[in-house]
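As the structure is a computational prediction, the values presented were derived from the model and not from experiment. Order of listing sets the numbers, starting from 1, for every ligand and every atom in it.
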Amino acid sequence: MNYHTRKWIKPEDLNPNHTLFGGRLLQWIDEEAALYAIVQLETPRCVTKYISEINFVSSARQGDIIEIGIEATEFGNTSITLTCDVRNMMTRQTIITIEKIIFVGVNLDGKPTRHGKTKIEFISDRLKPDL
Ligand SMILES: CCCCCCCCCCCCCCCC(=O)SCCNC(=O)CCNC(=O)[C@H](O)C(C)(C)COP(=O)(O)OP(=O)(O)OC[C@H]1O[C@@H](n2cnc3c(N)ncnc32)[C@H](O)[C@@H]1OP(=O)(O)O
């Protein structure tokens with residue numbers, strides 16, 4: 001799994017217990033996962049369909065740096081299934097795990113549309129000139 005995005009925990013990210021607010025973390029994850037799905041399905045029209053059980057394993061505090069890892073585990077006809085792991089960058093301790101986040105590619109009318117993708121693609125490969 002690649003941990004592409006890092007976040008520095010600031011005062012506005014905290015809950016009344018002075019630890020990272022769970023809602024803020026879920027917002028970051030949804031954004032990160034949406035961008036991952038957009039890149040993999042090569043369409044800006046992706047919607048979050050389903051998020052599985054969320055396990056808050058540990059917390060983070062102000063000043064901590066966390067990193068968000070996302071990976072595709074399954075390509076359906078119109079959907080893509082992702083898995084997510086968030087960890088403390090310094091200690092590598094897991095903060096949250098989400099087994100499944102499912103995005104669906106939709107057309108202009110918001111209806112599911114086939115994406116034709118079957119495996120993870122890397123932008124560097126897409127940019128390679130045809131031989
Ligand atoms: C190039 C760069 C541009 C950059 C550009 C800037 C981008 C800047 C970032 C913006 C990022 C925005 C990201 C927005 C992220 C949101 O906020 S989306 C908002 C929250 N989500 C929604 O509002 C979705 C509401 N739901 C719906 O509209 C409909 O349910 C959907 C998603 C269109 C699906 O419709 P449906 O009739 O239920 O579909 P159905 O045909 O039954 O199933 C479709 C697929 O979903 C799967 N599915 C259905 N139900 C379930 C379920 N309960 N569990 C699991 N899977 C299911 C099916 O298995 C199927 O998968 P495939 O087998 O085809 O692979």
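Contacts of Asn77 classified as side-chain contact (heavy atoms from CB on, under 4.5 Å), with partners at least two apart in sequence or in another chain: Arg114. In terms of the salt bridge (charged side-chain N to carboxylate O under 4.0 Å, His left out) criterion, residue partners of Glu121 (sequence neighbours excluded) are, by chain and number, Lys117, Arg126. Remark: Arg24 pairs with Asp13 by the salt bridge (charged side-chain N to carboxylate O under 4.0 Å, His left out) rule, at least two apart or across chains.
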Practice problem: Could you please spell out the steps behind the side chain to side chain donor-acceptor pair (under 3.5 Å) verdict for Glu99 and Thr83? | Solution: CA-CA 5 Å; Glu99 193 190 334; Thr83 190; over 6 Å; no
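One finds the CD1 atom of Ile101 at 11.0 Å from the OH atom of Tyr50 (value rounded to the nearest 0.5 Å). Here the CD1-OH distance, from Ile29 to Tyr36, works out to 15.0 Å after rounding to the nearest 0.5 Å.
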In a simple table, one pair per line, please give the protein and ligand 1 atom names for every N or O pair closer than 3.5 Å, along with the distance.
from     : atom 1 : to    : atom 2 : distance (Å)
ligand 1 : 21 (N) : Thr48 : O      : 2.9
ligand 1 : 30 (O) : Lys49 : NZ     : 2.8
ligand 1 : 38 (O) : Lys49 : NZ     : 3.4
ligand 1 : 61 (O) : Ser79 : OG     : 3.3
ligand 1 : 64 (O) : Thr78 : N      : 2.9
ligand 1 : 64 (O) : Thr78 : OG1    : 2.6
ligand 1 : 65 (O) : Asn77 : N      : 2.8
ligand 1 : 65 (O) : Thr78 : N      : 3.1
ligand 1 : 65 (O) : Ser79 : N      : 3.0
ligand 1 : 65 (O) : Ser79 : OG     : 2.6

